[in-house]
Amino acid sequence: MKHLFIILGAFALSACSNTPVPTNQANEVTGSKLLTTIYSSPTDNTGTLIVKRDSGKMGSLCTVHVFIDGIPLANLESEEKVTFHLSPGNHILSANPKGACPGGLSELTTDVTAKKTQVFRASFASAGDFSLSPTAF
């Protein structure tokens, strides 16, 4: 009986885990979820920053609010991404889950380089932790 509980517990945790979405398969945020277009147009002197959310059930009852340098830019649902074109230099990227979900504000500093792309992942771990991190996926 003890082994059955262990197997069921492991299955329940794996069912809640999220997985990275390939950048080219994530849906670009549009409409009212895109809060501003000030960073929407690329130029020869901007770098590209993409923020995307994982797929999965963990955190699915909330929206992730994305900010650059404290400016609210977009609200992301599961499997969505937002693309920004920023001037070179250091910027603070922030993400804050809102709604019926665990976790809180996550921030990091990124150094934007002209004509380079950086991809970040907003994700919820099976333990409920929320994080914002660079990703290769």
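Quantities reported herein were computed from a predicted structural model and do not represent experimental measurements.
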Is it the case that the side chains of N96 and H65 hold a donor-acceptor pair, with the cut-off being a distance below 3.5 Å and no angle test?
no
So if you build clusters from Ile, Leu, Val, Met, Phe, Trp, Tyr with side-chain heavy-atom gaps below 4.5 Å, do I50 and L108 land together?
no
Residue N24 excluded, over 12 heavy atoms near CG under 6.0 Å
yes
Working to the nearest 0.5 Å, report the span between CD1 of I68 and OG1 of T36.
11.5 Å
Establish, from distance only, whether the side-chain atoms of E77 and T63 form a donor-acceptor pair under 3.5 Å.
yes
Closest approach of L35 to S32 (non-hydrogen atoms, all atoms of both residues)
CD2-O, 3.6 Å
Work out which heavy atom in S40 is nearest to a heavy atom in H85; give both atom names and the distance.
O-CD2, 3.2 Å
Can you see which heavy atom on A122 is nearest to which on V64, and at what distance?
CB-CG1, 4.3 Å
Give the cluster check for I38 versus F67: same hydrophobic cluster or not, with ILVMFWY residues linked at side-chain heavy-atom distances below 4.5 Å.
no
Quiz question: by atom type and distance under 3.5 Å, do the side chains of S55 and S78 form a donor-acceptor pair?
no
Inter-residue atom distance D69.CG - L86.CG, 0.5 Å rounding
7.5 Å
To the closest 0.5 Å, what do you measure between NZ (K115) and CG (N45)?
8.5 Å
On a heavy-atom basis, which atom in D54 and which in P20 lie closest, and how many Å separate them?
OD1-CA, 3.4 Å
Output for pair (N27 CG, L76 CG), nearest 0.5 Å, gives 11.0 Å
Only counting residues at least two apart or in another chain, list the ones meeting side chain to side chain contact (heavy atoms under 4.5 Å, CB included) with S106.
F130, L132
Measuring from atom CG of L34 to atom CZ of F84, what distance do you get when rounded to the nearest 0.5 angstrom?
6.5 Å
Among residues two or more places apart or on two chains, list those pairs meeting salt bridge (charged side-chain N to carboxylate O under 4.0 Å, His left out) that have a residue in residues 27-41.
K33-E80
Is there a path from V66 to I71 through hydrophobic residues (I, L, V, M, F, W, Y) whose side chains come within less than 4.5 Å of each other?
yes
Side-chain heavy atoms under 4.5 angstrom apart, residues restricted to Ile, Leu, Val, Met, Phe, Trp, Tyr: same cluster for V21 and V29?
no
Measuring from atom CG of L49 to atom OH of Y39, what distance do you get when rounded to the nearest 0.5 angstrom?
11.0 Å
For T23 and K81, does a side-chain donor sit closer than 3.5 Å to a side-chain acceptor?
no
Less than 4.5 Å apart, side chain to side chain, heavy atoms only: is that true for P42 and T48?
no
Nearest heavy atoms of P97 and C62, plus distance in Å:
CB-SG, 4.1 Å
Going only through I, L, V, M, F, W and Y residues with side-chain contacts under 4.5 Å, is there a path from I92 to L105?
no
